[in-house]
Amino acid sequence: MTSNIAPFKKLAEKLLEDRNYEDLKYLLNLEKEKYQYLSTEDEFYLLWIQAIILFYLHSSKDEAIASLENTLPKLSVSSSVYLKLLNTLSNFYFSVGRDAEYEENNSLLISLYQEKDLNHQEYLFGYIRVKHNFAYYLHSKGKELEAVQEALETIDFCKQKETSYQLAPLLTIVANAGKDFLKHDEILDYYLQARDICKIYEHKLMMAKIDHFLKDKDR
């Protein structure tokens with residue numbers, strides 16, 4: 001069934017990538033005023049966006065988590081928005097230090113994505129996002145070797161699927177997590193690869209961070 005809010009979804013995905021939650025909130029409020037009736041999928045999609053705004057813009061973290069925890073049981077696992085909600089809830093758990101719940105959700109996400117057609121872009125990008133988040137999580141917990149292994153495995157998967165999605169962040173995870181056991185030239189090469197990708201796709205913030213690191217290394 002065609003979504004009534006398809007144009008909003010397209011704009012929302014871009015704003016989420018940019019972490020522009022102010023504009024996302026403004027658009028969400030406009031969208032809510034447009035329709036008297038929405039499909040169940042569209043209603044849950046808007047609830048998902050609302051939870052993200054609560055968590056990241058208003059710092060209402062407990063409310064955002066409770067909203068997703070209450071919503072997920074109402075959705076079919078096969079629903080297109082289910083994986084989005086589950087992934088976001090996992091990220092919320094990670095952010096507030098609920099590690100056991102994050103790891104449980106991460107395992108569930110991996111198993112659910114592996115049942116999907118990963119040639120479909122939405123599922124492909126979702127799966128890569130989950131793998132990237134887990135590599136970052138491992139790095140944040142000081143599990144550097146495991147983080148590098150997870151990131152490299154995901155980089156290889158991206159290459160197999162011929163996508164650059166999340167490739168630059170994954171390369172920087174390898175460089176950051178591998179500082180104690182990778183050679184200096186190897187670390188530098190990972191940063192330079194990430195920088196080249198950022199330049200091509202105009203990821204200016206990450207490119208600025210990499211440039212700052214490279215300048216420090218030249219001193």
Side-chain angles (χ1 to χ4, degrees), residues 12-13 15-21 24 44-116 118 122-158 165-180 205-206 209:
E13 296 295 332
L15 292 172
L16 287 171
E17 287 288 335
D18 295 340
R19 300 183 183 182
N20 186 346
Y21 303 120
L24 186 61
F44 284 129
Y45 185 94
L46 295 183
L47 282 171
W48 171 59
I49 296 294
Q50 181 64 53
I52 290 172
I53 291 167
L54 283 171
F55 194 93
Y56 293 113
L57 184 61
H58 298 300
S59 295
S60 300
K61 297 183 178 182
D62 290 342
E63 184 180 353
I65 289 171
S67 173
L68 294 188
E69 287 177 334
N70 292 332
T71 301
L72 274 168
K74 301 173 185 176
L75 279 165
S76 166
V77 176
S78 61
S79 163
S80 63
V81 76
Y82 183 90
L83 289 168
K84 293 181 184 293
L85 267 71
L86 185 60
N87 186 42
T88 297
L89 181 58
S90 298
N91 293 337
F92 289 174
Y93 286 153
F94 177 15
S95 295
V96 300
R98 292 168 63 171
D99 293 351
E101 287 153 301
Y102 165 77
E103 291 185 15
E104 181 180 354
N105 269 18
N106 182 75
S107 297
L108 176 57
L109 279 163
I110 291 295
S111 65
L112 289 173
Y113 271 114
Q114 287 174 341
E115 295 173 358
K116 301 294 185 181
L118 295 181
E122 181 179 352
Y123 295 136
L124 174 65
F125 285 6
Y127 179 67
I128 293 171
R129 219 168 19 242
V130 170
K131 298 275 286 179
H132 163 269
N133 291 347
F134 187 53
Y136 183 79
Y137 168 79
L138 291 168
H139 175 43
S140 75
K141 297 302 175 184
K143 298 179 179 180
E144 309 294 19
L145 182 58
E146 293 95 325
V148 169
Q149 289 173 333
E150 182 72 17
L152 287 174
E153 177 185 304
T154 310
I155 289 167
D156 286 342
F157 177 78
C158 289
Y165 183 70
Q166 295 295 317
L167 195 52
L170 285 161
L171 289 163
T172 60
I173 289 174
V174 176
N176 290 330
K179 287 179 179 177
D180 291 336
L205 179 59
M206 177 169 284
K209 291 178 180 178

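Bear in mind that the values here come from a model prediction, so they are computed numbers and not experimental data.
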Exercise. Is a donor on one side and an acceptor on the other found under 3.5 Å between the side chain of Asn176 and the backbone of Thr172?
Worked result: yes
Side chains of residues 75-82: which donor-acceptor pairs under 3.5 Å do they make with residues two or more places apart or in other chains?
| from | atom 1 | to | atom 2 | distance (Å) |
| --- | --- | --- | --- | --- |
| Ser76 | OG | Ser78 | N | 3.1 |
| Ser76 | OG | Ser78 | OG | 2.7 |
| Ser79 | OG | Glu41 | OE1 | 3.3 |
| Ser79 | OG | Glu41 | OE2 | 2.4 |
| Ser79 | OG | Val81 | N | 3.3 |
| Ser80 | OG | Glu41 | OE1 | 2.6 |

pair Lys141-Asp99: side-chain heavy atoms closer than 4.5 Å:
yes
When rounded to the nearest 0.5 Å, the distance separating CD1 of Ile110 from CZ of Phe134 is 8.0 Å
Where the side chain of Asn70 meets the backbone of Ala66, is there a donor-acceptor pair that is under 3.5 Å apart? yes
Inset, instruction - Answer yes or no: is there a side-chain heavy-atom contact under 4.5 Å between Gln166 and Cys158? - result: no
Is it true that atom CD of Glu104 has more than 12 heavy atoms of other residues, nucleotides or ligands lying nearer than 6.0 Å?
no
> Is it true that a side-chain atom of Ser140 and a backbone atom of Tyr137 form a donor plus acceptor pair closer than 3.5 Å?
Replying inline: yes
Sequence neighbours excluded, the answer for side-chain contact (heavy atoms from CB on, under 4.5 Å) partners of Ala147 is Leu138, His139, Ala177
Counting N and O atoms only, with roles assigned by atom type, does the side chain of Ser67 sit under 3.5 Å from a partner on the main chain of Glu63, one being a donor and the other an acceptor? no
- Message: Tell me if the CG atom of Asp18 is crowded by more than 12 foreign heavy atoms within 6.0 Å.
- Response: yes
So CG of Asn133 and CD1 of Ile128: to nearest 0.5 Å the spacing works out to 12.0 Å
What one should report as the nearest heavy-atom pair of Thr88 and Leu68 is CG2-CD1, 3.8 Å
Could you go through Glu69 and Tyr93, starting from their C-alpha distance and side-chain angles, then the distance that decides it, and tell me whether this counts as side chain to side chain donor-acceptor pair (under 3.5 Å)? CA-CA 11 Å; Glu69 287 177 334; Tyr93 286 153; 2.6 Å; yes
TODO: Please determine if Glu101 and Arg98 form a salt bridge, counting it only when a charged side-chain N lies under 4.0 Å from a carboxylate O.
DONE: yes
In terms of heavy-atom contacts, Val148 and Gly178 come closest through CG2-N, 3.8 Å
One pair to check against side-chain contact (heavy atoms from CB on, under 4.5 Å): Leu109 and Tyr127. What are the steps and the verdict? CA-CA 8 Å; Leu109 279 163; Tyr127 179 67; over 6 Å; no
- request: Walk me through it: do Leu118 and Phe157 pass the test side-chain contact (heavy atoms from CB on, under 4.5 Å)?
  value: CA-CA 11 Å; Leu118 295 181; Phe157 177 78; 4.0 Å; yes
dist Asn105:CG -> Phe94:CZ (nearest 0.5 Å) comes out at 13.5 Å
To the nearest 0.5 Å, atom CD1 of Ile65 lies from atom CG of Leu89 at 7.0 Å
ask   = More than 12 non-hydrogen atoms from neighbouring residues, nucleotides or ligands closer than 6.0 Å to NZ on Lys116, yes or no?
value = yes
#### Entry: Criterion salt bridge (Lys or Arg N to Asp or Glu O under 4.0 Å) on Lys179 and Glu144, from CA distance to verdict
CA-CA 9 Å; Lys179 287 179 179 177; Glu144 309 294 19; over 6 Å; no
Angle class for the Tyr136/His132 ring planes (parallel below 30°, perpendicular above 60°, tilted otherwise)? parallel
Specify whether Phe125 and Tyr165 have parallel, tilted or perpendicular ring planes, treating 30° as the upper limit for parallel and 60° as the lower limit for perpendicular.
parallel
### Query
Does Lys84 come within less than 4.0 Å of Glu13, counting only side-chain N to carboxylate O?
yes
task: Decide if the gap between the ring center of Phe92 and the ring center of Tyr56 is smaller than 6.0 angstrom.
output: yes
**Message:** Using the rule given for side-chain contact (heavy atoms from CB on, under 4.5 Å), can you reason through Leu16 versus Ile49, listing the C-alpha separation, both sets of side-chain angles and the distance that settles it, and then say yes or no?
**Reply:** CA-CA 9 Å; Leu16 287 171; Ile49 296 294; 4.0 Å; yes
CG of Leu15 to CD1 of Ile53, rounded to nearest 0.5 Å, is 9.5 Å
Are side-chain heavy atoms of Val96 and Phe55 found at a separation under 4.5 Å? yes
Applying side-chain contact (heavy atoms from CB on, under 4.5 Å) to Glu115 and not counting sequence neighbours gives Leu112
Between the OG1 atom in Thr154 and the CZ atom in Arg129, the distance rounded to the nearest 0.5 Å is 13.5 Å
